[in-house]
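Below you'll find the structure, written out as structure tokens, and then a few comments.
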There are 2 protein chains.
Amino acid sequence: MKPTFEDIKQQLKAKNISLSYQRLKILEYLIENRCHPTVEMIFAGLHDEIPTLSKTTIYNTLRILEEAGLVKEITTEDKEARYDIATETHGHFKCESCGTIFDFSVDIDSIIPGDLSRFVIKDKNIYFKGLCPRCL
Amino acid sequence: MKPTFEDIKQQLKAKNISLSYQRLKILEYLIENRCHPTVEMIFAGLHDEIPTLSKTTIYNTLRILEEAGLVKEITTEDKEARYDIATETHGHFKCESCGTIFDFSVDIDSIIPGDLSRFVIKDKNIYFKGLCPRCL
DNA sequence: TAATAAGATTGTAATCATTACATGTTTGTA
DNA sequence: TACAAACATGTAATGATTACAATCTTATTA
């Protein structure tokens, strides 16, 4: 179910977002590096290929892709934001020791909130913390 | 099930955390203002009563209380952190229009992650976004 | 094809929440 | 009272993010 370039190109076209070289490379990076990278990591990772790439462009691109629903910002208590290609909803687990963020599958529809009947829910996030097997 | 001062004093004593005037007032504020305040809000709210209170003290106190498990930082994509007295686990819903954060009850144990059997889970967060009844 | 306008990218400078640090104050104990 | 440890305070530094102005690219139209 991982999106391919073609999937994403289609979605961008459908939303009238032009696909510049920089945007393409940022998307490529996100698809190939499913480690929930920070802006810094994207910047460093693309620097060899696009030495002129600016962080502002990365921020702009991520904002546009997020508004288009193709990318999600992962919210942790860290001050550096992390980004994830938006696929089916899944949970995130952050190891408090090594900082790695793991995906885990979860049936989000099974979460039935008690008293949100008059609210419109647009986004659901599940975020666990603890220790990963390697750090135990 | 809301904790009282006495509950909290007991817990602090049990953890060997001394209860200064400032810490007491910050706790008092958190107990009386269940609106998930920011540091700025705590600072402004206590300024009349303690004009000399410093933001550093608020940050320090919140960190100590969080380490003691009495306070939880709420993680949203906002850059300003919000704080909550740690009660039974509940979900948070942020209205994308007015920014208000609502609590909602949820049976967190009913969330069964698929593949975290070898992980130690220490904390679970549920964070929904959308529109609240008033903004609809 | 050339002219033009709209949209993208870039780099620098500003913003702002948070943290580090040094100094001054309070508290408990002998 | 004297002392030491813990605490509070204010200022300065940090660092991620955003604002902004200038430059470059792309698409469109005549």
Side-chain angles (χ1 to χ4, degrees), chain A residues 9 12-13 15-29 36-68 70-84 94 99 101, chain B residues 9 12-30 36-68 70-84 94 99 101:
Chain A
K9 272 190 189 170
L12 287 171
K13 197 160 273 176
K15 297 193 189 249
N16 260 353
I17 297 172
S18 60
L19 196 56
S20 72
Y21 177 63
Q22 288 85 343
R23 290 178 183 174
L24 185 77
K25 283 298 174 187
I26 292 168
L27 267 170
E28 199 175 288
Y29 185 89
H36 319 94
T38 63
V39 168
E40 189 61 43
M41 287 160 74
I42 299 171
F43 183 72
L46 293 176
H47 189 262
D48 284 349
E49 215 170 345
I50 321 172
T52 62
L53 181 64
S54 135
K55 275 189 192 171
T56 302
T57 298
I58 299 175
Y59 279 108
N60 286 340
T61 300
L62 290 172
R63 184 173 39 74
I64 286 169
L65 295 177
E66 195 177 2
E67 282 166 10
L70 296 177
V71 161
K72 273 194 72 171
E73 183 178 337
I74 300 176
T75 59
T76 74
E77 63 288 325
D78 301 335
K79 52 173 77 173
E80 220 176 337
R82 289 169 166 275
Y83 294 88
D84 197 7
K94 189 179 83 174
I101 294 181
Chain B
K9 274 190 186 170
L12 286 171
K13 197 159 272 175
K15 299 195 188 246
N16 259 351
I17 297 172
S18 59
L19 198 55
S20 72
Y21 178 63
Q22 288 86 343
R23 289 180 185 174
L24 185 77
K25 284 297 175 187
I26 292 168
L27 266 170
E28 200 176 289
Y29 185 89
L30 284 172
H36 320 93
T38 63
V39 167
E40 189 61 41
M41 289 161 73
I42 299 171
F43 183 71
L46 292 175
H47 188 262
D48 284 349
E49 214 169 346
I50 321 171
T52 61
L53 180 65
S54 136
K55 276 190 193 171
T56 303
T57 298
I58 300 175
Y59 280 108
N60 285 340
T61 300
L62 290 172
R63 184 172 39 73
I64 287 167
L65 295 177
E66 195 178 359
E67 283 166 8
L70 297 177
V71 162
K72 271 193 74 172
E73 183 179 337
I74 300 175
T75 59
T76 74
E77 63 289 325
D78 301 335
K79 52 171 75 175
E80 221 175 336
R82 289 168 166 276
Y83 295 87
D84 196 7
K94 189 179 82 175
I101 294 180

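Throughout, a chain's letter reflects where its sequence line sits, starting with A, and its residues are numbered from 1.
Checked against C:dG11, C:dT9, C:dA17, the side chain of A:Thr56 finds its nearest nucleotide in C:dG11. When each of D:dT17, C:dT12, D:dG10 is scored by its nearest atom to the side-chain atoms of B:Ser54, the top-ranked nucleotide is D:dG10. Side-chain atoms of B:Arg23 lie closest to D:dC7 of the nucleotides C:dT9, D:dA16, D:dC7. Closest contact between the side chain of B:Thr57 and the listed nucleotides C:dT9, D:dT18, D:dT9 involves D:dT9. The nucleotide whose nearest atom lies closest to any side-chain atom of B:Thr52 is, among D:dT9, C:dT18, D:dT17, D:dT9. When each of D:dT18, D:dT9, C:dT19 is scored by its nearest atom to the side-chain atoms of B:Asn60, the top-ranked nucleotide is D:dT9.
Rounded to whole Å, atom P of C:dT18 lies 10 Å from atom CG of B:Leu62. Between A:Ile58 atom CD1 and D:dT18 atom P the separation is 13 Å, expressed in whole Å. The distance between atom NZ of B:Lys55 and atom C1' of D:dT14, rounded to the nearest whole Å, is 16 Å. The distance between atom CD1 of A:Ile42 and atom C1' of D:dT17, rounded to the nearest whole Å, is 14 Å. The nearest whole Å value for the distance from the CG atom in A:Leu53 to the C1' atom in C:dT9 is 9 Å. Between the CD1 atom of A:Ile17 and the P atom of D:dT26 there is a distance of 18 Å, rounded to whole Å.
Under 4.0 Å is where a charged nitrogen must lie from a carboxylate oxygen, and between A:Arg63 and A:Glu66 no such pair does. Ionic pairing of A:Glu77 and A:Lys94 is present here: one or more N-O contacts between side-chain nitrogen and carboxylate oxygen are shorter than 4.0 angstrom.
Residue B:Tyr59 places no side-chain N or O under 4.0 Å from the OP1 or OP2 atom of C:dT19. For B:Ser18, a side-chain nitrogen or oxygen approaches OP1 or OP2 of D:dC7 to under 4.0 Å. OP1 or OP2 of D:dT25 has not a single side-chain nitrogen or oxygen of A:Gln22 nearer than 4.0 Å.
As judged by a 4.0 angstrom heavy-atom cut-off over every strand, B:Thr38 is placed among residues making no nucleic acid contact. Note on A:Ser20: only backbone sugar-phosphate atoms sit closer than 4.0 angstrom, heavy atoms only; bases stay farther off.
Across A:Gln22 and A:Leu53, no two heavy atoms sit closer than the pair CG-CD1, 3.8 Å.
Residues A:Leu27 and A:Leu12 are in side-chain contact: their nearest non-hydrogen atoms beyond the backbone lie under 4.5 Å apart.
Remark: B:Tyr59 OH to B:Ile42 CD1 distance equals 9.5 Å, nearest 0.5 Å.
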